[in-house]
A.B. asks: 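Before anything else, here's the structure in question.
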Protein chains: 2
Amino acid sequence: MEFTEAKNKFVQTWGALGSQWGINKTMAQIHALLMVSNEPLSMEDIMEELQISRGNASMNIRALIDWGIVYKEFKHGERREFFTAEKDLDELAIKIAKERSKREIKPALKVLKEVSADVDTKTTEGKYFAEQTDKLYEFVLKTDNIIEKATEYKDNWLTKLLMKMMK
Amino acid sequence: MEFTEAKNKFVQTWGALGSQWGINKTMAQIHALLMVSNEPLSMEDIMEELQISRGNASMNIRALIDWGIVYKEFKHGERREFFTAEKDLDELAIKIAKERSKREIKPALKVLKEVSADVDTKTTEGKYFAEQTDKLYEFVLKTDNIIEKATEYKDNWLTKLLMKMMK
DNA sequence: ATAAACTTTCATATATTTTTGAAAGTTTAA
DNA sequence: TTAAACTTTCAAAAATATATGAAAGTTTAT
């Protein structure tokens with residue numbers, strides 16, 4: 001397979017998969033493109049490669065930078081900005097996990113705690129509701145903690161051992 | 001807070017969070033509703049509670065059943081079907097993990113393997129591409145395996161120990 | 001076998017999300 | 001300071017995903 005063909009296939013598929021993960025298609029495609037790029041790309045390069053508008057490119061590059069998985073790069077003697085992806089996959093996984101925890105798990109915890117604590121438990125229904133939401137709260141919290149710990153200690157011996165055991 | 005108010009808040013928020021996770025709003029809401037419901041609900045109940053159409057209710061209940069996290073229930077002497085949610089949270093997490101692995105990770109692995117193996121590596125670009133996609137493949141595979149093992153052994157002593165260590 | 005009671009399907013309508021592109025904003029070299 | 005070279009913003013347009021509801025399908029009691 002030609003390089004261009006393979007790259008295209010990869011970028012397109014990654015975009016489609018991104019949609020399922022609640023990440024927009026273009027954002028996933030830009031990230032895919034930068035992941036397999038030898039060298040930094042300019043915004044023009046990205047627009048050209050993906051056939052997207054300037055605004056779209058700008059917004060999604062910015063989002064990737066906010067996630068901390070794409071970096072701006074300055075080339076000597078060049079006015080334009082260039083972009084590269086975080087290529088250390090452990091680092092990438094950690095940043096994605098943290099961002100999703102912040103955006104999706106923390107708000108869930110907040111609501112669960114609120115409704116569980118505030119609901120009127122005089123009725124049977126209310127009691128059951130409080131019980132269920134409390135259990136959910138504890139479970140989600142535990143899960144979030146495990147993710148946090150796993151990302152925190154990714155390099156230490158313990159985790160390496162666990163990884164080995166689990167493989 | 002009144003039970004009805006708390007329930008509403010929970011169901012609405014869960015729906016909104018579901019969207020971010022790539023799960024449609026109604027599906028998340030139905031699941032939320034069943035999670036905090038004392039007893040099985042009929043399709044009518046669900047339609048009424050969420051103010052949605054019959055078709056919408058039917059499609060999303062079916063999707064939840066396909067995921068294996070909602071069950072049909074038959075009440076003695078009742079013609080209608082009733083529905084309940086899987087309320088064992090470990091079981092719920094496992095089913096969700098398996099379903100997402102099947103739908104989202106496996107296809108990613110497939111593409112990564114394909115493009116990594118098939119790309120023409122005569123050029124520098126091609127070489128780099130093959131290298132990067134291969135690394136990604138290995139990483140995603142490893143992650144998927146960890147999830148698989150973690151769900152498989154959820155009840156045994158080793159996992160319990162790990163959970164404790166990680167808490 | 002029939003009809004009542006229910007569920008599913010799917011073409012169309014609605015709602016939501018994403019993309020565009022022109023205008024506004026910013027930066028830098030001279 | 002200025003103007004060229006670039007980036008960002010945002011209202012409107014396009015694309016995508018979701019919801020509706022009437023018709024078709026299924027099941028069950030008689």
Side-chain angles (χ1 to χ4, degrees), chain A residues 11-34 40-67 70-84 100 103-104, chain B residues 11-34 40-67 70-84 100 103-104:
Chain A
V11 167
Q12 291 305 324
T13 314
W14 218 246
L17 285 168
S19 305
Q20 293 192 285
W21 277 94
I23 288 155
N24 101 35
K25 193 182 76 180
T26 306
M27 187 170 157
Q29 287 182 336
I30 295 176
H31 186 247
L33 187 60
L34 292 173
L41 300 181
S42 69
M43 195 185 275
E44 290 290 340
D45 294 337
I46 293 169
M47 285 165 60
E48 167 66 21
E49 189 84 46
L50 302 179
Q51 290 293 306
I52 57 172
S53 72
R54 194 169 287 289
N56 196 6
S58 174
M59 305 244 283
N60 284 295
I61 290 170
R62 139 90 86 148
L64 287 164
I65 291 174
D66 288 347
W67 277 60
V70 161
Y71 306 115
K72 274 191 191 175
E73 198 142 300
F74 299 95
K75 273 195 187 170
H76 183 71
E78 275 271 18
R79 178 80 158 277
R80 288 175 302 170
E81 294 172 330
F82 287 82
F83 304 96
T84 43
R100 295 202 81 134
R103 292 174 193 239
E104 295 153 13
Chain B
V11 168
Q12 291 306 322
T13 314
W14 218 247
L17 286 167
S19 304
Q20 294 191 282
W21 277 94
I23 289 156
N24 101 35
K25 195 180 75 178
T26 307
M27 188 171 156
Q29 287 182 337
I30 295 176
H31 186 246
L33 187 60
L34 292 175
L41 300 181
S42 70
M43 195 185 277
E44 289 290 340
D45 294 337
I46 293 169
M47 285 165 60
E48 168 68 20
E49 188 86 47
L50 302 178
Q51 290 292 305
I52 57 172
S53 71
R54 194 168 290 286
N56 194 9
S58 173
M59 303 249 281
N60 284 294
I61 290 170
R62 138 92 85 150
L64 287 163
I65 291 174
D66 287 347
W67 277 62
V70 161
Y71 306 115
K72 273 191 191 175
E73 199 142 301
F74 299 94
K75 273 194 187 173
H76 182 71
E78 274 273 17
R79 178 79 159 277
R80 289 174 302 169
E81 294 172 330
F82 288 82
F83 304 96
T84 42
R100 296 202 79 131
R103 291 174 194 238
E104 295 153 12

A.B. asks: Rounded to the nearest angstrom, tell me the gap between atom CE in Met47(B) and atom P in dA5(C).
C.D. replies: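 Roughly 16 Å, once rounded to whole Å.
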
A.B. asks: If the helix axis at each end comes from five base pairs, how far does the helix from dA1(C)-dT30(D) to dA30(C)-dT1(D) deviate from straight, to 10°?
C.D. replies: 20°

A.B. asks: To the nearest angstrom, how far is Leu64(A) atom CG from dT7(D) atom C1'?
C.D. replies: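 Rounded to the whole Å, the gap is 16 Å.
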
A.B. asks: Heavy atoms, side chains only, cut-off 4.5 Å: are Ile52(A) and Lys25(A) in contact?
C.D. replies: no

A.B. asks: In whole angstrom, give the distance that lies between atom CG of Leu41(B) and atom C1' of dC6(C).
C.D. replies: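 Answer to the nearest Å: 17 Å.
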
A.B. asks: Rounded to the nearest Å, what distance is computed from the CG atom of residue Leu50(A) to the C1' atom of nucleotide dT20(C)?
C.D. replies: 15 Å

A.B. asks: After noting the C-alpha distance and the side-chain angles of Trp67(B) and His31(B), does the key distance pass the side chain to side chain contact (heavy atoms under 4.5 Å, CB included) rule?
C.D. replies: CA-CA 11 Å; Trp67(B) 277 62; His31(B) 186 246; over 6 Å; no

A.B. asks: Would you name the heavy atoms of Gly15(B) and Gln29(B) that are closest together and state the gap between them?
C.D. replies: CA-CG, 3.7 Å

A.B. asks: Whole Å only: how far is the CD atom of Gln20(B) from the P atom of dT16(C)?
C.D. replies: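 These atoms are roughly 15 Å apart.
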
A.B. asks: Taking the side chain as every heavy atom from C-beta outward, state whether Phe82(A) and Lys72(A) have any pair of such atoms under 4.5 Å apart.
C.D. replies: no

A.B. asks: If you count the non-hydrogen atoms of other residues, nucleotides and ligands that lie under 6.0 Å from CD in Glu73(A), is the total more than 12?
C.D. replies: yes

A.B. asks: Nearest 0.5 angstrom please: Asn60(A) CG to Asn24(A) CG, how far?
C.D. replies: 4.5 Å

A.B. asks: What is the distance, to the nearest angstrom, from the CZ atom on Arg80(A) to the C1' atom on dT28(C)?
C.D. replies: 15 Å

A.B. asks: How does protein contact run along nucleotides 8-22 of chain D, one letter per nucleotide 5' to 3', with B for base contact, S for sugar-phosphate only, - for none, heavy atoms under 4.0 Å?
C.D. replies: BBB-------SSBB-

A.B. asks: Is a side-chain donor or acceptor of Asp66(A) paired with a backbone partner of Ala63(A) at a separation under 3.5 angstrom?
C.D. replies: no

A.B. asks: Could you grab the distance from atom CG of Asp45(B) to atom CG of Leu33(B), nearest 0.5 Å is fine?
C.D. replies: 8.5 Å

